[in-house]
Amino acid sequence: MASEARYPILADTSSLIAVANTAQWGQLKDAIHLTTTNVCKHELQRHVNSNKHPPDGSREQYLKRGSQRVLEHLDVDSSPWSCVTVVPRPHGPDAGEQSLKQELSEHGSAYQIVSILDSAARRSIRRLIDNNGYDIDVVGPPYLLYILLDNDLIDKPEFCEATVGMIQMEGWTGYEVVKNAWTSIPVDCSEILDDECKLTHP
């Protein structure tokens with residue numbers, strides 16, 4: 001069962017689902033010490049329970065499969081991931097984001113990186129961090145894959161392909177959106193991607 005330890009990376013529901021659906025999930029889940037909240041865990045459970053038999057290739061299947069992988073990993077005794085309890089528990093469509101804000105307000109000094117998928121939520125959390133004087137990077141989920149690359153656990157083509165897969169599965173389109181996916185990541189994947197962010201080789 002996930003502990004209440006606070007590891008340097010704090011991640012939201014959507015970031016966890018995004019990385020859990022990549023080809024590098026097997027590497028990432030055991031290589032990175034990461035923390036999420038009980039609220040995000042509840043959102044993951046809701047994705048698992050909401051659709052028992054989602055159609056192949058559907059968004060529902062993507063959410064369910066990613067959530068199942070994360071929950072299974074959180075429940076392993078030896079998991080390097082933890083789940084902290086946020087009280088009072090926020091509710092509503094942005095409860096996961098709000099739980100990260102509460103956690104950072106109370107325990108911000110424990111974290112070095114916050115991974116959150118939604119760009120507006122990242123901006124909001126950056127304001128909170130600046131107002132509290134914390135030294136924390138706020139990044140999108142591709143950064144978690146970059147940590148594997150930076151530690152020589154995967155090579156550059158594997159990183160670029162996994163990131164492009166994430167961009168395609170999340171349905172991110174447009175140059176600015178894709179550029180934002182690589183914010184804070186000093187890697188140029190352009191030689192293996194075309195202008196529409198598709199791989200130029202299989």
Side-chain angles (χ1 to χ4, degrees), residues 2 6-48 54 57-76 78-84 96-97 99-100 103 111-119 121-122 125 136-172 177-178 180-187 189 193 197 199:
R6 287 181 168 86
Y7 298 123
I9 301 172
L10 180 66
D12 80 325
T13 310
S14 298
S15 273
L16 297 176
I17 292 171
V19 296
N21 275 300
T22 68
Q24 300 307 325
W25 168 243
Q27 283 270 37
L28 187 142
K29 67 186 178 68
D30 295 320
I32 293 177
H33 281 70
L34 179 150
T35 297
T36 191
T37 69
N38 61 318
V39 179
C40 292
K41 187 176 182 181
H42 178 75
E43 289 181 340
L44 293 165
Q45 194 65 62
R46 197 173 69 239
H47 286 312
V48 170
S58 66
R59 178 72 179 168
E60 291 77 15
Q61 184 188 52
Y62 171 83
L63 294 171
K64 183 183 180 82
R65 181 179 60 222
S67 296
Q68 282 176 321
R69 288 177 177 173
V70 174
L71 289 170
E72 286 167 7
H73 188 51
L74 281 169
D75 284 337
V76 174
S78 59
S79 172
W81 291 22
S82 67
C83 182
V84 294
E97 174 196 334
S99 74
L100 263 62
E103 174 64 12
Y111 300 102
Q112 297 171 11
I113 295 168
V114 176
S115 177
I116 190 161
L117 188 143
D118 182 74
S119 58
R122 286 200 300 274
I125 284 182
I136 302 173
D137 288 329
V138 184
V139 298
Y143 190 88
L144 301 179
L145 297 169
Y146 171 69
I147 294 172
L148 297 182
L149 175 65
D150 195 43
N151 286 279
D152 297 320
L153 296 171
I154 59 175
D155 60 26
K156 183 177 173 181
E158 288 174 320
F159 165 78
C160 292
E161 288 174 22
T163 307
V164 172
M166 183 187 295
I167 287 168
Q168 291 170 341
M169 285 188 291
E170 286 294 336
W172 298 335
V177 174
V178 172
N180 285 338
W182 270 288
T183 301
S184 305
I185 300 172
V187 181
C189 291
L193 302 175
C197 285
L199 295 170

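Nothing here was measured: the structure is a model prediction, and the numbers come from that model.
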About how many Å separate [atom2] of [Y] and [atom1] of [X], when rounded to the nearest 0.5 Å?
{"X": "Leu100", "Y": "Thr13", "atom1": "CG", "atom2": "OG1", "answer": "8.0 Å"}
{"X": "Ile136", "Y": "Ile113", "atom1": "CD1", "atom2": "CD1", "answer": "10.0 Å"}
{"X": "Ile17", "Y": "Glu170", "atom1": "CD1", "atom2": "CD", "answer": "8.0 Å"}
{"X": "Ser14", "Y": "His47", "atom1": "OG", "atom2": "NE2", "answer": "6.5 Å"}
{"X": "Leu153", "Y": "Ile147", "atom1": "CG", "atom2": "CD1", "answer": "10.5 Å"}
{"X": "Asp118", "Y": "Ser15", "atom1": "CG", "atom2": "OG", "answer": "10.0 Å"}

By side chain to side chain contact (heavy atoms under 4.5 Å, CB included) - contacts of Gln24 (at least two apart): Thr22, Gln27, Leu145, Leu148, Ile154, Glu158, Ala162
Residues that Pro8 engages under side chain to side chain contact (heavy atoms under 4.5 Å, CB included), provided they are two or more places apart: Gln112
Exercise answer: donor-acceptor pairs, residues 30-37 side-chain atoms, under 3.5 Å, sequence neighbours excluded:
residue, atom, partner, partner atom, Å
Thr35, OG1, Tyr7, N, 2.8
Thr35, OG1, Ser82, OG, 2.8
Thr36, OG1, Ala11, O, 2.9
Thr37, OG1, Val39, N, 3.4
Thr37, OG1, Cys40, N, 3.1
Thr37, OG1, Ser99, OG, 2.8

Leu117 side chain near Met166 side chain, heavy-atom distance below 4.5 Å: no
Contact check, side chains of Pro142 and Ile185, non-hydrogen atoms, under 4.5 Å: yes
Under-4.0 Å salt bridge between Glu161 and Lys156: no
Ion pair check, Asp12 and Arg122, cut-off under 4.0 Å: no
Minimum-distance pair of heavy atoms, taken over all atoms of [X] and [Y]:
{"X": "Pro141", "Y": "Ile116", "value": "CD-O, 4.0 Å"}
{"X": "Leu44", "Y": "Leu16", "value": "CD1-CD1, 4.3 Å"}
{"X": "Lys29", "Y": "Pro80", "value": "O-CG, 3.4 Å"}
{"X": "Phe159", "Y": "Tyr146", "value": "CE1-N, 3.5 Å"}

Can you list everything that forms a ring pair (Phe, Tyr, Trp, His ring centres under 6.0 Å) with [X]? Sequence neighbours excluded, please.
{"X": "His42", "value": "none"}
{"X": "Tyr62", "value": "none"}
{"X": "His73", "value": "Trp25, Trp81"}

